Amino acid sequence: MAAFFSKFDLHTHSNASDGALSPTQLVQRAYKKGITHLALTDHDCVDGINEAKEAAKGLLTLIEGAELSALFNNEQIHIVGLFLDTQAPALKEYLKNQKIKRIERAVAIGEKLERQGFKNAYEECKKRAAPGASITRGNYARYIVEMGRAQSADEAFSVYLKNGKSCYVKTSWPDVSVAVKAILDSNGVPVLAHPRRYQMTNTKLRELIEYFKLCGGIAMEVGSSQMSPSDRDFIAKLCEKYSLLASLGSDFHVEGAYRELGYNLIIPDFVKKVWEHPLAKPYNFPKENS
Ligand code: AMP
Ligand code: MN
Ligand code: MN
Ligand code: MN
């Protein structure tokens with residue numbers, strides 16, 4: 001099939017967390033790719049939203065979002081919040097706690113990297129992101145590649161950052177129920193992010209989806225840049241089975257990677273779309289997405 005570019009992209013990152021582009025650069029790139037509706041969903045952080053909104057004026061519709069880290073059975077899960085009220089006390093409280101955890105974790109990862117011969121790893125990593133950015137393992141992976149200690153971010157994960165490797169630091173993110181509630185209490189729509197990317201059996205994935213739904217979850221990502229048609233069909237059917245709405249997003253972080261803005265984001269016709277939710281109404285999504 002020829003490359004397909006969606007006009008909507010509801011999962012992207014800026015340098016307010018582990019994206020390489022500033023919010024302004026991200027919006028400009030999205031506009032050039034023909035995107036009309038873009039959600040900025042930085043990790044546990046909404047600091048880039050104001051700049052993105054300003055940059056979006058006259059170019060595209062910017063949707064306020066965030067990607068919250070949470071736990072399900074000790075497994076790290078990402079819940080995207082869309083159409084958020086970024087001033088809501090519930091969101092502010094969640095992000096405030098996450099910020100403390102993320103700084104502690106990033107410092108601990110930095111110390112472990114120093115033992116592997118990296119110099120000033122935490123400070124060096126912070127310098128490469130926006131001031132006060134939410135530092136993730138993604139920031140560290142790019143730094144490790146830049147230092148010539150891995151060929152790719154993926155290799156940086158396999159060698160240093162993933163569970164069981166020398167620089168891994170376990171973190172007690174809040175339960176999925178807490179993340180979902182924070183989003184609902186902030187007038188947002190909770191979306192289970194990239195369901196195919198967790199290292200889970202299909203049985204465990206169904207349990208996660210059932211739990212997410214029980215907690216008040218509303219949508220799930222069906223359109224993801226690197227999804228195979230058979231995986232997409234599988235997830236779309238689960239969406240339908242659990243009466244979840246379907247979302248789509250590239251999870252764009254950096255130019256030149258396969259997760260390009262708008263790329264290959266497809267949702268089968270038989271599932272209802274997240275932009276049909278009443279909270280999406282103010283954003284005036286057009287009926288057609290092609
Ligand atoms: P954290 O939330 O700090 O655990 O970092 C998660 C982020 O690391 C993800 O959002 C990705 O951007 C990045 N990441 C996770 N796994 C990989 C991988 N295998 N290769 C490259 N980046 C990854
Ligand atoms: Mn990331
Ligand atoms: Mn994620
Ligand atoms: Mn993401």
Side-chain angles (χ1 to χ4, degrees), residues 9-21 26 38-46 48 63 65-72 74-82 95 98-110 112-113 121-122 125-126 128-129 133-146 149-165 167-174 176 179 190-200 208 220-221 223-227 247-261 265:
D9 192 330
L10 305 182
H11 183 157
T12 70
H13 297 275
S14 76
N15 65 358
S17 67
D18 58 4
L21 304 183
L26 177 77
L38 176 77
L40 177 59
T41 56
D42 275 312
H43 295 280
D44 300 306
C45 166
V46 292
I63 291 142
E67 182 173 16
L68 305 188
S69 305
L71 287 182
F72 171 70
N74 249 341
E75 198 86 50
Q76 189 169 307
I77 303 298
H78 286 171
I79 311 290
V80 163
L82 294 176
L95 299 184
Q98 291 292 86
K99 188 165 192 168
I100 296 166
K101 285 186 181 175
R102 278 217 173 262
I103 291 171
E104 284 174 1
R105 176 165 173 266
V107 168
I109 294 174
K112 289 193 165 203
L113 281 166
Y122 177 54
C125 226
K126 276 209 304 188
R128 288 161 173 77
S134 183
I135 301 293
T136 80
R137 287 183 294 165
N139 298 76
Y140 274 114
R142 277 215 301 284
Y143 162 71
I144 292 168
V145 173
E146 201 186 311
R149 299 279 296 268
Q151 297 288 317
S152 64
D154 210 32
E155 191 187 318
F157 266 82
S158 321
V159 177
Y160 299 102
L161 298 170
K162 77 176 188 192
N163 196 349
K165 298 300 164 181
C167 303
Y168 178 74
V169 175
K170 191 171 163 48
T171 307
S172 53
W173 306 122
V176 161
V191 183
L192 181 61
H194 42 63
R196 258 320 194 199
R197 230 186 291 151
Y198 307 115
Q199 307 292 314
M200 283 182 185
L208 166 64
M220 173 156 76
E221 283 179 359
S224 271
S225 289
Q226 78 268 56
M227 229 183 201
S247 187
L248 82 192
S250 62
D251 203 3
F252 175 83
H253 285 75
V254 59
E255 296 177 56
Y258 52 90
R259 284 184 213 160
E260 183 52 84
L261 290 165
L265 304 181

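Treat the numbers as computed from the prediction; the structure is a model and nothing was measured. First listed ligand is number 1; within each ligand, the first listed atom is number 1.
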If we number the atoms of ligand 1 from 1 as shown, the ones under 4.0 Å from a heavy atom of His253 are 10 (O), 12 (O)
Best match, Glu67, His78, Arg197: closest heavy atom to atom 6 (C) of ligand 1: His78
Any side-chain donor near an acceptor of the partner, His43 and Gln98, under 3.5 Å: no
So which protein heavy atom does atom 13 (C) of ligand 1 come closest to, and at what separation? Phe157 CZ, 3.6 Å
for atom 7 (C) of ligand 1, nearest protein heavy atom and its distance come out as Asp18 OD2, 3.7 Å
Between Trp173 and ligand 1, does any nitrogen or oxygen pair lie at a separation below 3.5 Å? no
Report yes or no: does His253 have an N/O/S atom closer than 2.8 Å to the Mn ion (ligand 4)? no
Check whether any heavy atom of Arg102 sits under 4.0 Å from an atom of ligand 1. yes
Backbone N/O of His78 and side chain of Tyr198: donor-acceptor pair under 3.5 Å: yes
Looking at Glu67, which of its N, O or S atoms is the nearest one to the Mn ion (ligand 4)? OE1
Among the N/O/S atoms of Asp251, the Mn ion (ligand 4) lies closest to OD1
What part of His13, side chain, backbone, both or neither, has a heavy atom within less than 4.0 angstrom of ligand 1? neither
Against heavy atoms of Arg105, which atoms of ligand 1 measure under 4.0 Å? 1 (P), 3 (O), 4 (O)
Considering Asp251, Val169, Asp154, Asp44, which one's heavy-atom position lies nearest to atom 19 (N) of ligand 1? Asp154
What's the shortest distance from atom 5 (O) of ligand 1 to any protein heavy atom, and which residue and atom give it? Arg137 N, 3.4 Å
Side chains of Lys170 and Asn74, heavy atoms from C-beta outward: is any pair under 4.5 Å? yes
Would you please test Ile63 and Thr41 for side chain to side chain contact (heavy atoms under 4.5 Å, CB included) and show each step? CA-CA 9 Å; Ile63 291 142; Thr41 56; over 6 Å; no
Lys165 side chain vs Phe157 backbone, donor-acceptor pair below 3.5 Å: no
Assess, by modelled atom type and distance only, whether the side chains of Arg197 and Ser224 contain a donor and an acceptor separated by less than 3.5 Å. no
Quick one: the NE2 of His11, the Mn ion (ligand 4), NE2 of His13 angle, rounded to 10°, please. 110°
If I consider every N, O or S atom in His78, which one ends up closest to the Mn ion (ligand 3)? I only need its name. ND1
For Gln76, atoms of ligand 1 separated by under 4.0 Å from a heavy atom: 1 (P), 2 (O), 4 (O)
With His11 as partner, the option from Leu40, Leu38, Val80 fulfilling side-chain contact (heavy atoms from CB on, under 4.5 Å) is Val80
Exceeds 12 heavy-atom contacts within 6.0 angstrom, atom NZ of Lys99: no
Considering only heavy atoms from C-beta outward, does the side chain of Ile77 approach that of Leu192 to under 4.5 Å? yes
Flag side-chain contact, heavy atom, 4.5 Å: Glu221 against Pro195: yes
Work out which heavy atom in Ser225 is nearest to a heavy atom in Leu265; give both atom names and the distance. N-CD2, 3.6 Å
Checking only N/O/S atoms, does His43 have one that is under 2.8 Å from the Mn ion (ligand 3)? no
With heavy atoms under 4.0 Å as the rule, classify the contact between Lys162 and ligand 1 as side chain, backbone, both or neither. neither
